[in-house]
Chemist: 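What follows is a structure written as C-alpha cells; I'll ask about it next.
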Amino acid sequence: MARHAFTVTSPLSVEGAFELLVDLERVPEWDDGVQASTRVPHHLVDDPLVGRRFDVTVTGFDRSPTTVVYEITEATPPHRFVMVGENDEFRAVDTLELTPTAHEGCELRYDGTLELLADDPPLTAVQLDSMFPKLAAVAEAGLRRFLAG
C-alpha cells in the first residue's frame, strides 16, 4: 500500500473549504487525473453526507479512462471527511481534515493511501510506491489553486 500526506493552507474558512471539498463533483477542478465525477443518488436520511457515492472517471494505470466508485464513509462537518474509492484494480482511501489557522483561513491535512487489489496488478508494489507521490503532487498543486480563495 502506498501512502502520501500533505498540508495546504487556505484563506477560506473551515466551513467554506469543507463545502467545496465534500462536493466530489468538483474534484476535476483540482485533480488533473480526474476527468469527470457524477453523484449517484442515494436515499439515506440519517446523515446527508455519509453514503454519498460518485462515479469518478480517472486516468488509469494504462493511461486509459477507468471508473472508480467513491463513497463518503465518514463525515464530521466542517472538520473532517473520508472518501473511499474502489474498482477492480485498486482501493484509495483519502482523509481530509480542516483546522482553523491562527489568522483567518484554514489548513487542510490530506492523507491518502492507494492499495492494489487485482490478482495480477498492473504495477508492482515498488512501482506503486514510486508513482503515488507524483500523483499526489498533482492533487496537492491543484488543491493549492482550488482553495486559494
Chemist: Measure across Asp62 and Ser64 and return the closest heavy-atom pair with its distance rounded to 0.1 Å.
Modeler: OD1-N, 2.9 Å

Chemist: Are side-chain heavy atoms of Phe81 and Thr76 found at a separation under 4.5 Å?
Modeler: no

Chemist: Indicate the atoms forming the closest heavy-atom contact of Pro11 with Ala148, along with that distance.
Modeler: CG-O, 3.0 Å

Chemist: Please report the shortest heavy-atom distance between Asp31 and Val138, naming the atom on each side.
Modeler: OD1-CG1, 4.3 Å

Chemist: Quick one: which residue pairs count as a side-chain hydrogen bond (donor to acceptor under 3.5 Å, both in side chains) with a foot in residues 14-25, not counting sequence neighbours?
Modeler: none

Chemist: Kindly give the heavy-atom pair with the smallest separation between Phe132 and His4, and that separation in Å.
Modeler: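 Scanning both residues completely, I find the closest heavy atoms to be CE2-N, 3.6 Å.
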
Chemist: First locate atom CG of Leu24, then atom OG1 of Thr38, and finally report the distance between them rounded to the nearest 0.5 Å.
Modeler: 11.5 Å

Chemist: Kindly state each residue pair satisfying ring pair (Phe, Tyr, Trp, His ring centres under 6.0 Å) with at least one member in residues 91-120, sequence neighbours excluded.
Modeler: Phe6-Tyr110

Chemist: Testing the basics here: between Cys106 and Ala17, what is the closest heavy-atom pair and its distance to 0.1 Å?
Modeler: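 Scanning both residues completely, I find the closest heavy atoms to be SG-CB, 3.7 Å.
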
Chemist: Please list all pairs passing the side-chain hydrogen bond (donor to acceptor under 3.5 Å, both in side chains) test where one or both residues lie in residues 77-93, with sequence neighbours left out.
Modeler: Glu74-Arg80, Arg80-Glu97, Glu86-Arg91

Chemist: According to side-chain contact (heavy atoms from CB on, under 4.5 Å), who are the partners of Thr67, at least two apart in sequence or on a separate chain?
Modeler: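 Testing Thr67 for side-chain contact (heavy atoms from CB on, under 4.5 Å), a comparison that skips the adjacent residues, returns Asp55, Thr57.
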
Chemist: For Val50 versus Ala75, what's the shortest heavy-atom pair and its separation?
Modeler: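 The answer is CG2-N, 3.7 Å.
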
Chemist: For Thr59, give me all partners under side chain to side chain donor-acceptor pair (under 3.5 Å), at least two apart in sequence or on another chain.
Modeler: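 If we apply the side chain to side chain donor-acceptor pair (under 3.5 Å) test to Thr59, skipping adjacent residues, the hits are Gln35.
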
Chemist: Looking at side-chain heavy atoms only, is the closest gap between Leu20 and Leu12 below 4.5 Å?
Modeler: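 Yes, at least one pair of side-chain atoms sits under 4.5 Å.
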
Chemist: Residues sharing Val84's hydrophobic cluster, by side-chain heavy-atom contacts under 4.5 Å among ILVMFWY, directly or via others?
Modeler: Val82, Val93

Chemist: To the nearest 0.5 Å, what is the distance between CG on Leu147 and CH2 on Trp30?
Modeler: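 The CG atom of Leu147 sits 9.0 Å away from the CH2 atom of Trp30.
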
Chemist: Which residue pairs pass the side-chain hydrogen bond (donor to acceptor under 3.5 Å, both in side chains) test with at least one member in residues 125-149, sequence neighbours excluded?
Modeler: Thr124-Gln127, Glu140-Arg144

Chemist: Which residues pass the side chain to side chain donor-acceptor pair (under 3.5 Å) test with Asp32, not counting sequence neighbours?
Modeler: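 Partners of Asp32 by the side chain to side chain donor-acceptor pair (under 3.5 Å) criterion come out as none, since no residue qualifies.
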
Chemist: With sequence neighbours left out, write down each residue that passes ring-ring contact (aromatic ring centres under 6.0 Å, His included) with Tyr70, or none if nothing qualifies.
Modeler: none

Chemist: Who are the side-chain contact (heavy atoms from CB on, under 4.5 Å) partners of Met131, not counting sequence neighbours?
Modeler: Phe61, Leu123, Leu128, Leu135

Chemist: Would you call Val56 and Val27 a side-chain contact if the rule is heavy atoms closer than 4.5 Å?
Modeler: no

Chemist: Which residues pass the side-chain contact (heavy atoms from CB on, under 4.5 Å) test with Ala118, not counting sequence neighbours?
Modeler: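 Not a single residue meets the side-chain contact (heavy atoms from CB on, under 4.5 Å) criterion with Ala118.
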
Chemist: Can you name the side chain to side chain donor-acceptor pair (under 3.5 Å) partners of Arg39, sequence neighbours left out?
Modeler: none

Chemist: Mind checking the CG-OG1 spacing from Leu49 to Thr73? Nearest 0.5 Å is all I need.
Modeler: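 Answer for the CG-OG1 pair, Leu49 versus Thr73, is 11.5 Å.
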
Chemist: Between atom OG1 of Thr101 and atom CD of Glu107, what is the distance when rounded to the nearest 0.5 Å?
Modeler: 8.0 Å

Chemist: To the closest 0.5 Å, what do you measure between OG1 (Thr7) and CZ (Arg109)?
Modeler: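 One finds 4.5 Å between OG1 of Thr7 and CZ of Arg109.
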
Chemist: What distance separates Leu143 CG from Leu21 CG, expressed to the nearest 0.5 Å?
Modeler: 6.5 Å

